[in-house]
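Single-structure report; data block below.
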Amino acid sequence: MTNLDLARLFQRLATMLEIDGANPFRVRAYREAARVVESQAEPIEALAGEPKRLEELPGIGKDLAQKIRDVVATGSTALYDEMKAKVPEEIVALTELQGLGPKRVKTLMERLQIHSRQDLEAAGKTGRLRELPGFGEVLEQKILKALAATREASGRRLLAEVWAVAHGLAEHVAKTRGVQQVEIAGSFRRRRETVGDLDLLAAGGDPEAVMKAFTTHPEVADILGLGDTKSSVRLASGLQVDLRLIPPESFGAALLYFTGSKQHNIQLRRIAIEKGMSLSEYGLARGAKQVAGRTEEEVYRALGMSWVPPELREARDEIERAIEGRLPSLVDLSDLRADLHMHSDRTDGRESLETMVRAAKARGHGYCAITEHSKALPMLKGFDEARVRRSVDEVAAVRQRVPGIRVLHGLEVDILADGALDLDDDTLALLDWVVISLHTRLGQPGPEITARVLRALAHPRVSVMGHPTARMIGGREPAAFDMERALEEAAARGVLMEINAQPDRLDLNDINARMAHTKGVKMVISTDAHSVAQLDNQRYGVFVARRAGLEKGDIANTLPYEQFMEALRRARPGGASAGGARGATTTAAKETPAAARARGKAARGKAARGAKARPARRKSR
DNA sequence: GCCGTTTTCGGCCCGACTGTTTTCAGTCG
Ligand SMILES: Nc1nc2c(ncn2[C@H]2C[C@H](O)[C@@H](COP(=O)(O)OP(=O)(O)OP(=O)(O)O)O2)c(=O)[nH]1
Ligand SMILES: [Mg+2]
Ligand SMILES: [Mg+2]
Ligand SMILES: [Zn+2]
């Protein structure tokens, strides 16, 4: 049972308890346990086997720890079975409909024996909902409308998918007369990989005029709520957008509130209470006296801590660190100097190798790697050994034609079902940069795929593991290998891990990247671009890194070229890059060691020196 | 149900909008 499965069960149990009328704080405890379980990098299953480990998690005490152990062992726990008899599991999903919370769902269940969306729709269509206490005609219509909307239209979306519309709406609101400031807040500002809605914050202007401008935007299909300080709309695409309007003197406190996360807000508010104050979106106050509120910094400072970057506001350990002044100095997009995972039309990319290299250079990169697929993916024209040999000259030619950027001759080599690599060692030796990836047999059971990954990571020519789990957001589940062991192996062997920046991959994700960091693994942020436009996705990878709390020094492709190659040589003395990729048009006269090997010449000298300079780190395990 | 250099009991974040509530509960952010 994965952490996500466990979290979902406790989330469901919380709602069942809530519908049953349980103490709201008890309900909150179950929700909090679900959140904590979901945010753990290590499998809870494993922790459950060791004494006291679960109880060490915040928000999980004796009781919840035991219930988690029950679920891990048997798939359920007595309370869950008991609640299931009272509150059918299917009922829980009804609370996702707007306007239906635990109380009304309880009424539906008890008065009309409604158990499913179908039951609810039938009752609505025959006008039976409006009769119920706490219901009415308006709500009945609202429910019918919510039922008609597809799950997809109202579900979460990729951050990249809403990037443009978010900025468009913010600009629209900002143009309204009198409006002084507009920010996109919520999960968007925290750069979560998906967002449930958009949350806009504005200050200044006449409330009526601002709300009117907002709700009459051409994309707005439906107005869900309309007040003086807060309105909600649904766009034609189904995306919900909330606008909060606040006086300028409260803008910082409001931005803090509206950025969240909810749990971060609650923790800050508790600290305010401890200090004899009260925090809301209007400001931090001692009694009737405003203490802070114009800027976020002001509020954090008044609470005794430093400003927390939005990406870290997830109620993990950021408040503790902000108090102690131990917040990381997060990596920034402008720190990146390379893109080390790119495809061209030689395999499944859209543009030529030269076009991709020029585009990487135009984005300010000092070096890049071209990494076509290998032969395990014949549909994508994956390279076999002969094709790699021809590629050596193709890359050399591009180095000639595009001065000012170093080009690593790389490949994205498939990890075969047994953990062997898709190309022979002599061929791998032609490469400056070896990305290894899982693309096939992703459904292998945990032990099998763990062994497969560990074997692949142990290959001396490997530079980096690409999109490690192969998950697709909203699609494929992550491969079931033991990430902790894989990261330990990578750390011991100096293999890098990729943070793949494709908006629907983001792999490693923030949780795994955080664990990688604690294991001492360095990472690279790469776009895996199949077109020039996709080179701009790098920022989404940076967001993942920032959410993981990573600094510039944790990301290898922030290094200048020479230092990057030197670090690779040190970390991978037997590796693909042992000799260094010397090819660039500026030094085109010099042959790269890889190229030399390609023509059967010895390039032993440089590789050996690299190895001698610093032996491989080997961590005992 | 969790938690604790103020507590092992008694707190647990705080505010906006809606509809039917005949004075505010329910839901949501
Ligand atoms: N203090 C407090 N703030 C809340 C609460 N619920 C939401 N907020 C704040 C923090 C949230 O980040 C912000 C926006 O609410 P959303 O429901 O849109 O959540 P968020 O954007 O974080 O995630 P999302 O991707 O939309 O699901 O409002 C709450 O119960 N208490
Ligand atoms: Mg939101
Ligand atoms: Mg919202
Ligand atoms: Zn791939």
Side-chain angles (χ1 to χ4, degrees), chain A residues 10 13-15 17-19 21-36 54-68 77 79 94-108 129-143 146 185-188 195-201 207 211 215 223-233 240-246 250 253-285 303 315 319:
Chain A
F10 279 91
L13 181 50
T15 305
L17 286 165
E18 197 176 28
I19 292 170
N23 177 342
F25 297 106
R26 182 170 173 232
V27 172
R28 178 189 287 187
Y30 280 80
R31 292 235 159 85
E32 180 62 6
R35 189 187 71 83
V36 168
L54 290 178
E55 286 87 344
E56 280 168 14
L57 298 175
I60 295 179
K62 255 175 104 81
D63 188 277
L64 275 163
Q66 187 49 49
K67 288 190 169 73
I68 290 171
T77 181
L79 178 66
L94 297 183
T95 60
E96 285 162 26
L97 297 167
Q98 224 142 43
L100 285 189
K103 295 289 195 297
R104 286 176 182 150
V105 166
K106 185 182 173 124
T107 304
L108 289 173
L129 296 182
R130 67 184 72 174
E131 318 275 294
L132 297 170
F135 287 70
E137 254 178 89
V138 177
L139 185 58
E140 185 175 80
Q141 287 311 306
K142 195 169 145 183
I143 289 170
S187 50
F188 185 99
V195 298
D197 67 356
L198 292 177
D199 302 288
L200 302 184
L201 177 68
M211 291 309 178
T215 54
I223 300 173
L224 306 174
L226 179 57
D228 275 350
T229 79
K230 186 175 141 179
S231 296
S232 285
V233 299
Q240 182 179 326
V241 187
D242 299 333
L243 174 65
R244 196 67 210 265
L245 184 63
I246 229 85
S250 294
L255 184 57
L256 187 56
Y257 150 71
F258 218 25
T259 297
S261 63
K262 174 180 170 176
Q263 287 305 318
H264 182 85
N265 288 350
I266 290 175
Q267 290 187 5
L268 289 181
R269 288 168 185 214
R270 291 185 66 135
I271 290 172
I273 293 169
E274 283 166 20
K275 292 184 180 292
M277 297 183 282
S278 170
L279 176 62
S280 77
E281 59 265 47
Y282 293 102
L284 181 65
L303 289 172
I319 289 179

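Here is how names work: the chains are called A, B, and so on, in the same order as the sequence lines, proteins then strands, and each is numbered from 1. All values derive from a computational prediction rather than experimental measurement. The figures that follow rest on heavy atoms only: side chains count, while hydrogens, waters and symmetry mates do not.
A side chain to side chain donor-acceptor pair (under 3.5 Å) with A:S232 holds for exactly one of A:D242, A:D197, A:D199; it is A:D242.
Here A:L245 lies out of heavy-atom contact (under 4.0 Å) with every strand. No contact: A:E140 has no heavy atom under 4.0 Å from any strand. At a threshold of 4.0 angstrom between heavy atoms, the contacts of A:Q98 are confined to the sugar-phosphate backbone, with no base atom among them. If you check every strand for non-hydrogen atoms under 4.0 Å, A:P24 touches nothing. Across all strands shown, A:D199 has heavy atoms under 4.0 Å from sugar-phosphate atoms exclusively, and none from any base.
Atom CZ in A:F258 sits about 19 Å away from atom P in B:dC14, given to the nearest Å. As a whole-Å value, the separation of A:I319 CD1 from B:dC13 P is 13 Å. Atom CG in A:L108 sits about 14 Å away from atom P in B:dG26, given to the nearest Å. Rounding to whole angstrom units, CD1 of residue A:I19 and C1' of B:dT27 are separated by 14 Å. In this structure, the CD atom of A:E18 is 11 Å from the C1' atom of B:dG26, given to the nearest Å. Atom CG in A:D63 sits about 21 Å away from atom P in B:dT8, given to the nearest Å. Following rounding to the nearest Å, A:R28 (CZ) and B:dC14 (P) show an atom-to-atom distance of 10 Å. Rounded to whole Å, the distance from CG on A:L279 to P on B:dC12 is 15 Å.
Taking atom P in both B:dG26 and B:dT20, the straight-line distance is 14 Å, to the nearest Å. A gap of 25 Å separates the P atoms of B:dG10 and B:dG15, to the nearest Å. Separating the C1' atom of B:dC17 from that of B:dC12 is a span of 25 Å, rounded to the nearest Å. Taking atom C1' on both nucleotides, B:dG19 is separated from B:dC13 by 25 Å, rounded to a whole Å. B:dT6 and B:dG1 are spaced 23 Å apart, taking the C1' atom of each and rounding to whole Å. Look at the C1' atom in both B:dG11 and B:dA16: the space between them is 25 Å, to the nearest Å.
Under the 4.5 Å side-chain criterion, counting only non-hydrogen atoms from C-beta, A:R35 is not in contact with A:F10. When side chains are defined from C-beta on, A:T15 does not count as touching A:Y30, because their heavy atoms never get closer than 4.5 Å. The closest side-chain heavy-atom distance from A:L245 to A:M211 is below 4.5 Å. Inter-residue side-chain proximity for A:I246 and A:T229 is flagged as unmet; no heavy-atom pair is nearer than 4.5 Å. In this structure, A:I319 and A:L268 have side chains that are in contact, with non-hydrogen atoms separated by less than 4.5 Å. Between A:K230 and A:L243, every side-chain heavy-atom pair lies at or beyond the 4.5 Å cut-off. Side-chain contact check for A:F258 versus A:R244: some heavy-atom pair is nearer than 4.5 Å.
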Any N/O pairs under 3.5 Å between the protein and nucleotides 16-22 of chain B? List them or say none.
residue : atom : partner : partner atom : Å
B:dA16  : OP1  : A:Y282  : OH           : 2.8
B:dA16  : O3'  : A:T229  : OG1          : 3.1
B:dC17  : OP1  : A:D228  : N            : 3.0
B:dC17  : OP1  : A:T229  : N            : 3.0
B:dC17  : OP1  : A:K230  : N            : 3.1
B:dT18  : OP1  : A:L226  : N            : 2.7
B:dT18  : OP1  : A:L226  : O            : 3.3
B:dT18  : OP2  : A:L226  : O            : 3.4
B:dT20  : OP1  : A:F135  : O            : 3.4
B:dT20  : OP1  : A:G136  : N            : 3.2

Under 3.5 Å, side-chain donor or acceptor atoms of residues 94-103 of chain A against the rest of the protein: list the pairs with distances, not counting sequence neighbours.
residue : atom : partner : partner atom : Å
A:T95   : OG1  : A:V92   : O            : 2.7
A:Q98   : OE1  : A:R234  : NH2          : 3.3
A:Q98   : NE2  : A:Q240  : OE1          : 2.9

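You'll find that the side chain of A:S280 is closest to B:dC14, out of B:dG1, B:dC14, B:dC12.
One cannot find a donor-acceptor pair under 3.5 Å joining the base of B:dG29 and the side-chain atoms of A:D197.
Residues passing the side chain to side chain donor-acceptor pair (under 3.5 Å) test with A:T107: none are found, sequence neighbours excluded.
When each of A:K67 and A:D242 is assigned the nucleotide of DNA chain B bearing its nearest heavy atom, the one mapping closer to the 5' terminus is A:K67.
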Walk me through whether A:R31 and A:E18 qualify under salt bridge (Lys or Arg N to Asp or Glu O under 4.0 Å). CA-CA 11 Å; A:R31 292 235 159 85; A:E18 197 176 28; 2.8 Å; yes
What do the steps show when you test A:L226 against A:T215 for side chain to side chain contact (heavy atoms under 4.5 Å, CB included), and what is the final call? CA-CA 8 Å; A:L226 179 57; A:T215 54; 4.0 Å; yes
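DNA chain B lies under 4.0 Å from at least one heavy atom of each of the following residues of residues 270-278 of chain A: A:R270, A:I273, A:S278. Within residues 259-269 of chain A, the residues having any heavy atom under 4.0 Å from DNA chain B are, by residue number, A:K262, A:I266, A:R269.
Applying the salt bridge (Lys or Arg N to Asp or Glu O under 4.0 Å) test to residues at least two apart or on different chains, the pairs with a partner in residues 265-279 of chain A are A:R269-A:E281.
If you check B:dA25 for Watson-Crick or wobble pairing at under 3.5 angstrom, you find it paired to B:dT18.
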